[in-house]
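All remarks here apply to the structure that follows.
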Amino acid sequence: MTLKHPAISSKAPFMLHGADYSPEQWLKYPEVLDEDIRMMKLAGCNVMSVGIFSWVSLEPEEGVFNFEWLDELLDRFTASGIYAFLATPSGARPAWMSQKYPEVLRVERNRVRNLHGFRHNHCYTSPVYREKTKIINTKLAERYADHPAVIGWHISNEFGGECHCDLCQAEFRVWLKKKYDNNLDTVNHAWWATFWSHTFTSWEQIESPAPHGETQVHGLNLDWRRFVSDQTINFCQHEIDTVRSYNPEMPVTTNMHNIDGIDYREMSKILDVISWDAYPSWHFTDDGDDTNLAAWTGFHHDMFRSFKNKPFLLMESTPSLTNWQSVSKMKRPGMHKLSSLQAVAHGSDSVQYFQWRKSRGSSEKFHGAVVDHCGHEHTRVFGDVAEVGKVLAELNEVVGTSTPAEVAILFDWDNRWAVKDAQGIRNSGLKYEETVIQHYRGLWELGIPVDVIGSSDELAPYKLVIAPMLYLISEENGRNIEQYVENGGTFLATYWSGVVNETDLCHLGGFPGPLRRTLGIWAEETEGLHSRDVNGLVLEAGNELNLTGDYEAHEIAELIHLEGAETLGTYQSDFYAGRPALTVNRLGEGKAYHLATRVKENAFYTELYRAITSDIGVQPVLDCELPVGITAQVRTDGEQEYVFVQNFSGTAQAIELDGRSYLNMETGKPAAPKLELPINGLAILKRSAH
Ligand SMILES: [Zn+2]
C-alpha cells in the first residue's frame with residue numbers, strides 16, 4: 001500500500017491555500033486586481049479557483065470570445081507565484097443562450113420549463129448545451145492547458161438537480177432498455193408494476209416521477225434517481241473529454257457538495273482528484289458544544305478521501321459565515337483554524353474558501369470572504385485566514401500522506417435513496433444519515449480512523465465493517481459480507497437491514513434477507529416508535545464485550561429470533577421485554593454483531609466500539625483517554641506520523657499523552673506530556689511511526 005502519494009500537481013508540491021476568485025466582476029475597478037494579488041501574498045494564499053461563473057465574460061455573444069482579462073490574470077498569477085484551478089463555466093450560462101435555444105433550460109418535476117435565471121439549471125441531455133459547453137471548454141483548453149499558472153481543471157460547479165424535459169424522458173427510456181435487456185416484462189417485474197395496475201405495455205408510457213403523476217412505484221423512483229446521477233456524471237465526462245486531450249497531465253476535479261442526488265462514489269471514478277465544499281454551521285448549539293457537527297464533518301472528509309483512498313481537496317469553505325444558512329453566525333475565535341485543519345487531519349491537501357472577495361451586489365454579497373467590502377486586510381477574518389496560511393506553510397511534508405484505516409462504515413447512495421422512499425416504518429423520521437453519523441461518532445470519539453465505503457467495495461482490507469440500516473442489499477453483496485465474516489472479518493449491522501434487493505423488491509423468506517445467515521437471526525417484526533416512547537437496552541451480566549449498564553432505546557425496535565446468535569443485551573420494557581436487542585453470531589473465523597434497536601445515548605456507541613475494536617486489536621491514534629468532544633486523527637508516510645488533536649467540545653480541555661515522544665509542529669519544540677487544548681483548540685504533533 002502506497003502511503004505517500006505525489007502532490008496533486010507537480011507544479012505546486014505544497015499545501016494549497018486559496019479561494020474562489022471572480023476578477024471579472026471587478027473589471028471596471030482596475031485597482032482591485034493589484035490589491036488582491038498583494039493581499040493574497042499577505043494571507044499566505046498560493047492558489048485561486050477562477051472562471052467558475054465566467055461564461056458571459058468569456059463569450060459575451062454567441063461565437064464572440066474575450067480572453068484578455070483571463071490572460072492578464074493568469075500571467076499576473078505566474079509572476080506572483082500564485083496558481084489556479086481553471087473552471088469550465090457550465091455552472092451558469094449566458095442569457096443569449098437561453099433566449100436562442102430554450103431546450104437548454106431545465107424542466108421541473110411539474111413539467112414546467114424554467115425561465116432564464118439562477119444557476120445550475122440546465123438540461124444535462126440537451127445536445128445544444130453539450131455543444132456550447134464543448135466549444136467554450138475547447139477554447140479554454142487550447143489557450144490555457146499548458147499555462148504555467150494552471151494546476152488543474154475545475155469542471156463546472158456543484159453538479160446537481162434533474163431535468164424532466166422530453167429529451168431527458170427519451171434518454172431515460174434508452175437507459176432502461178439497456179439496463180433491462182430491452183425487455184419491458186423484466187422492468188414490470190423489477191418494479192412490481194402489477195400493483196395498482198401500473199403494468200407498462202409500451203416504453204412510451206414510462207415517465208419520470210411527477211407530483212401530479214407517478215410517485216408510488218418505488219423501483220421506478222430508484223431507477224430515475226440512478227438515471228439522473230448517471231446522466232449528470234455522463235455530462236461531467238463530456239466536459240472532461242473536451243479538455244483532457246490538450247494536456248493529459250493536468251488533473252481534473254469537480255467540486256462536490258452535500259447533494260444526495262448524485263452517487264458521488266460513481267462520479268469519483270471519472271476524476272483524478274476528489275474535491276468538496278464543506279459548510280458546517282458551527283456554533284449551532286446553546287452550550288457551544290460542536291461535537292456532533294464535528295463528527296458529521298469528519299465523516300464527510302473521510303468519505304471523500306475514501307473514494308480514491310488518497311488525499312483530497314477542500315475546495316470551498318467559508319472564512320467566516322455563509323449567507324444561505326437559516327442564521328449566519330461568525331466563526332468564534334479559534335474555529336477557523338480548527339475547522340480548516342480538521343480537513344487536513346482527515347486527508348485534505350488544501351484549505352480553500354468561497355470566496356476571496358465579497359461581490360458588490362447580487363445574491364452572494366453577504367457571503368463570507370477573505371476580503372470584505374472595506375477592501376483591506378485589517379480585519380479579524382483576514383487575520384484568521386493569514387494564520388491558517390502560516391500553519392499550512394509549516395505542513396508541506398504532510399502533503400500526499402495517507403490515512404490508513406482498519407474500520408469501514410458502509411454508506412451507499414442506492415440505500416440512501418431507497419430507505420427514504422420506503423413508506424414505513426417511521427415516516428416521521430427514519431434518520432438514515434443521522435444514524436450513520438451516530439455510529440461514526442463513536443469511533444471518532446475514540447480517535448479511530450475510519451474509511452467510508454460502498455457495499456460493492458472490497459471488505460477484506462478492514463478488521464471491522466459497520467453497516468447501519470443497510471436496508472437495500474443485493475444477494476451478491478450479502479454473499480460478500482458473509483464471506484468476509486467467514487474469513488475472519490468482524491461485521492456489525494442494525495435494525496432495518498437486508499429488507500429490499502437492488503430494485504427495491506422485498507427479500508422473501510425472512511429478514512434480514514441475504515444477511516440472515518451472517519447475523520444468525522430472523523427479524524420477524526419491526527416497528528417505529530413515537531418520539532414519546534422509550535424502551536431500553538439492558539446489557540446481560542457477564543456479556544463477552546464486558547459492556548455494562550442500561551441505555552435508552554427509541555424510534556425503531558425490531559423483534560428478532562436467534563438462529564445461532566447469542567444475546568448480549570435485551571429489551572427493557574413493553575411486551576417484548578427480555579427479548580434480544582444486541583446479539584453476536586460466530587461464523588467461520590469471524591463475528592457478526594446485530595443491534596436490533598436504536599440506542600439514544602452517544603456514549604453507548606463509544607463503549608460498544610471501544611469493546612469491539614479492543615477485542616480485534618484495532619489501535620486508536622492515541623493510546624490515552626480522550627474527553628468527549630476531542631478527537632485525534634492521523635496521517636502518515638510510513639516513517640513519520642502527523643497527529644491532529646482537535647477540541648470541539650466548547651470547553652477548555654487537557655489530555656495526558658500516551659508516553660510517546662511528540663514534536664509540536666507549530667512551535668518546533670517537543671510537546672509536553674500534558675496537552676492543553678483551549679476552546680476550539682488544536683495541536684499538530686509529529687511522532688515516529690516506529
Ligand atoms: Zn432535459
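In each ligand, atom 1 is the first atom listed, and ligand 1 is the first ligand listed.
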Exercise. Protein N, O or S atoms at less than 2.8 Å from the Zn ion (ligand 1), how many?
Worked result: 4
For this session: Give the ring-plane orientation class for F307 versus F304, where under 30° counts as parallel, over 60° as perpendicular and anything between as tilted.
Result: perpendicular
For this session: Indicate the ring-plane relationship of W356 and Y21, choosing parallel, tilted or perpendicular according to the 30° and 60° boundaries.
Result: perpendicular
Problem set entry | Pi-cation contact, Y124 with R106 (under 6.0 Å, within 45°) | yes
For this session: Examine the side chains of Q231 and T125 and answer whether a donor and an acceptor come within less than 3.5 Å of each other.
Result: yes
Exercise. Any Lys/Arg nitrogen of K269 or D263 sitting under 4.0 Å from an Asp/Glu carboxylate oxygen of the other?
Worked result: no
Seminar exercise, completed: Output for pair (Y101 OH, S126 OG), nearest 0.5 Å, gives 10.5 Å
